[in-house]
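The structure appears below as structure tokens.
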There are 2 protein chains.
Amino acid sequence: MKLPPLNALRAFEAAARHEGFIAAADELCVTRGAVSQQIKALETHLGVPLFHRHSRGVALTEAGRRLLPVLSDAFGRIAGATNALSEQAADLRIICPPATSIRWLIPRLDAFRAAHPEIRVRLTTEFHSGGNYDAAEYDIGFTCALSPGRSPDIETRELFPVFLTPGCAPSMLEGEAALKRPEDLARVKLLHEVAERSDWQAWLDRFPVPGVSAESGDVFPNLDMATRAAVIGSGVVMADLVLCREEIERGQLVLPFPDMVRTSPQGPICLISHRERWQEPKVRRFAEWVEQEAGRDRAALDLERFDEV
Amino acid sequence: MKLPPLNALRAFEAAARHEGFIAAADELCVTRGAVSQQIKALETHLGVPLFHRHSRGVALTEAGRRLLPVLSDAFGRIAGATNALSEQAADLRIICPPATSIRWLIPRLDAFRAAHPEIRVRLTTEFHSGGNYDAAEYDIGFTCALSPGRSPDIETRELFPVFLTPGCAPSMLEGEAALKRPEDLARVKLLHEVAERSDWQAWLDRFPVPGVSAESGDVFPNLDMATRAAVIGSGVVMADLVLCREEIERGQLVLPFPDMVRTSPQGPICLISHRERWQEPKVRRFAEWVEQEAGRDRAALDLERFDEV
DNA sequence: CACCATGGGAGAGATTTTCTAACTCATTCT
DNA sequence: AGAATGAGTTAGAAAATCTCTCCCATGGTG
């Protein structure tokens, strides 16, 4: 396959389409002279004149008329394919479970958008385990490290651990029904993120409390709503120290047993993506930004306080 | 229509097709480094990696796999169209009437082929008037200047005039039947090029000879055969001073009435081509070469001797 | 297990291509 | 006649592209 100089072909295509060198030069953002030279070079290369030069303007020769549609078509296809690629390259499709989304990602995301306006962020807030992460639908996701059933091409990167300890409204530490010892949990309502009650179960496995069962209490569709129920004094939620940091720092949520902390059995929160995708600029930028933000949370938590379990 | 750098696309296409940068570099006659840089530039431009880099070789990414067929197809179309043009640009299709062809063009044509080996000459020897010259079939032709019915897009360039005077074998000037005066033509056979007997008729119109009519004599399919008949003493041909120059100089053909010369009523021999085609390199080169050769003939003839009629 | 062959990456500097800027020419419109 | 239009030409500047040299990682091989 022998090809003539491609840039000369592009110059010719533009000039032929506009039936003039000046319009072509404008389109290509060069001077008329450049177009003139390119086209002359192409004519020399092919050995056929492509334009008749009149004193005023140019007109295609027979040869030029034959060449134009082929080039326009070919360049059109190339433009279509490459634009589709860049188009898609600009879209960053993120999937994030509800609690992480509303409590961690969304508050920070505008900063990312501001820092990278060229990336169109499309966030889907939806529960998903690492096992059913769909690399075709999403460029990157948030999930738990130990989710089973991942294909070997799907890789994760750890962000921060999930530290669990009961949390409640400050009012619950006061009065005669105050939560003072773990046994007091038997007198209050447990607030669960999902029907499986796994967080409370995990904590109770680590710190068994007689008379307290994970089977009791209210169930919410996600951790955010359970936490908000706790804040308004409805019961005790199994709080995630990272995701609930704001409420804890503001004193809206208090930790009655701050030394009784365990990590989630599902492992730390992590980013998840296809092995190949990490290198894509949009993904790399987002991942780097997320890791930086997560680093701040890890630092703020003073993780060394806790024994990992 | 926004296009990525075309040369980078070509580098990518070659690399993707060969599944390796080295093979691509060989195909493009550059170094691996050049291919590597071009492809990196393209990836940066599109914002998507097109290859996975392994320690040994590369493999297309999803994006690369989508781009490759489009590019291969587009470049293939471009190559096809441009090759067809150059291909045709290399063919020089000439049409030339028989006498001019055999007596003038063919003896000189090898010199042209040697001087321009890149041009494939395809000569068609066939009678045609300027009026039915077909610019789609032939790039250039030889004809008479005054042929009627030409379209305005068909232009001619004069080569040399057609000087007509009787010619015969030297033997005819000897003996008791020797041609001494025009009246002696009544005793010999006239040799005609075509049934129309126009050359003899034209000469006789200019130099009327009592008792001699263009209606008599033998007819040949072309001037070459009529001339050869004259050389072997069969009769008197209406000789063209240019086309018969060789025989005249060698003494095979003698001119009994060297002062009785007239130009052909059909005008001089000329080149004929489409207005647009003269600029095509192959046509221009041929035309220039022909004009140069014709110039030699005009000089050799010492045209000033003759009164043009 | 050292060693070499393979295939690609990086960076500096050379080279080639391409573009610009200024001017020219021919023609048409006013 | 003079202005405006559209293209051609040229030298030199700018930009792109390439080469060259050295680097790294991997996978056979003796």
Side-chain angles (χ1 to χ4, degrees), chain A residues 2-46 48-61 63-64 68 75 275-276 278-281 284, chain B residues 2-46 48-61 63-64 68 75 275-276 278-281 284:
Chain A
K2 267 188 75 125
L3 286 169
L6 292 172
N7 292 323
L9 289 175
R10 175 161 49 180
F12 164 74
E13 196 273 341
R17 190 155 28 80
H18 290 114
E19 298 186 329
F21 289 11
I22 293 182
D26 289 347
E27 175 179 317
L28 300 172
C29 300
V30 295
T31 57
R32 322 92 184 277
V35 174
S36 175
Q37 289 173 61
Q38 291 280 26
I39 288 173
K40 171 140 27 120
L42 181 60
E43 291 177 322
T44 305
H45 178 97
L46 295 176
V48 198
L50 298 168
F51 285 105
H52 299 298
R53 271 74 169 179
H54 303 129
S55 56
R56 214 177 172 77
V58 290
L60 282 171
T61 61
L68 173 61
F75 287 146
R275 181 172 47 78
E276 299 181 349
W278 293 108
Q279 299 315 315
E280 294 188 22
R284 206 177 57 236
Chain B
K2 267 190 77 113
L3 286 168
L6 292 172
N7 292 323
L9 288 175
R10 175 161 48 182
F12 165 75
E13 198 273 340
R17 190 157 27 80
H18 289 113
E19 299 187 329
F21 289 10
I22 292 183
D26 289 348
E27 175 180 315
L28 300 172
C29 301
V30 294
T31 57
R32 322 90 179 277
V35 173
S36 175
Q37 288 174 64
Q38 291 279 29
I39 288 173
K40 171 136 31 116
L42 181 60
E43 290 178 322
T44 304
H45 178 96
L46 295 176
V48 198
L50 298 167
F51 285 107
H52 298 298
R53 271 72 167 180
H54 302 130
S55 55
R56 217 178 170 77
V58 290
L60 283 172
T61 61
L68 173 60
F75 287 147
R275 180 174 47 80
E276 300 181 350
W278 293 108
Q279 299 316 315
E280 293 188 22
R284 206 177 56 235

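All heavy atoms count here, side chains included; hydrogens, waters and symmetry mates do not. It should be emphasised that the depicted structure is a prediction, and the values quoted were computed from it without experimental measurement. All chains are named by letter (A, B, ...) in the order of the sequence lines, taking the proteins before the strands, and each is independently numbered beginning at 1.
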Checking all strands, does Val35(A) fall into the base, sugar-phosphate, or nothing category for heavy-atom contacts under 4.0 angstrom? nothing

N/O (side chain, Lys40(A)) to phosphate O (OP1/OP2, dA7(D)) under 4.0 Å: no

Please give, in whole Å, the distance from dG7(C) C1' to His54(B) NE2? 12 Å

At under 4.0 Å, does any side-chain N or O of Thr31(A) touch on OP1 or OP2 of dT20(C)? yes

What is the distance from CG of Leu42(B) to P of dA16(D), rounded to the nearest Å? 15 Å

Separation of atom CD1 in Ile39(B) from atom C1' in dG8(C), rounded to whole Å: 11 Å

Arg32(B) atom CZ is separated from dA5(C) atom P, nearest whole Å, by 14 Å

At under 4.0 Å, does any side-chain N or O of Arg53(B) touch on OP1 or OP2 of dG9(C)? yes

Rounded to the nearest Å, what distance is computed from the CG atom of residue Asn7(A) to the C1' atom of nucleotide dA15(D)? 12 Å

Go through the steps for Leu60(B) and Phe51(B) under the test side chain to side chain contact (heavy atoms under 4.5 Å, CB included), then give the verdict. CA-CA 4 Å; Leu60(B) 283 172; Phe51(B) 285 107; 3.5 Å; yes

So, does the side chain of Gln37(A) form a donor-acceptor pair with the base of dT20(C) at under 3.5 Å? yes

Rounded off to whole Å, could you give me the CD-to-C1' distance for the Glu43(A) and dA7(D) pair? 12 Å

Could you pick out which residue, Val30(A) or Ile22(B), lies toward the 5' side of DNA chain C when each is mapped onto its nearest nucleotide? Ile22(B)

Measure the shortest side-chain to side-chain distance between Leu42(A) and Gln38(A) over non-hydrogen atoms and say whether it is less than 4.5 angstrom. no

Distance in angstrom units between His52(A) NE2 and dG8(D) C1', rounded: 18 Å

Just how far, in rounded Å, is P of dA7(D) from CD of Gln38(A)? 16 Å

Scan Ser36(B) against the nucleic acid and name what it touches under 4.0 Å (heavy atoms): base, sugar-phosphate only, or nothing. sugar-phosphate

Just wondering, more than 12 heavy atoms not from Arg284(B) lying within 6.0 Å of its CZ? yes

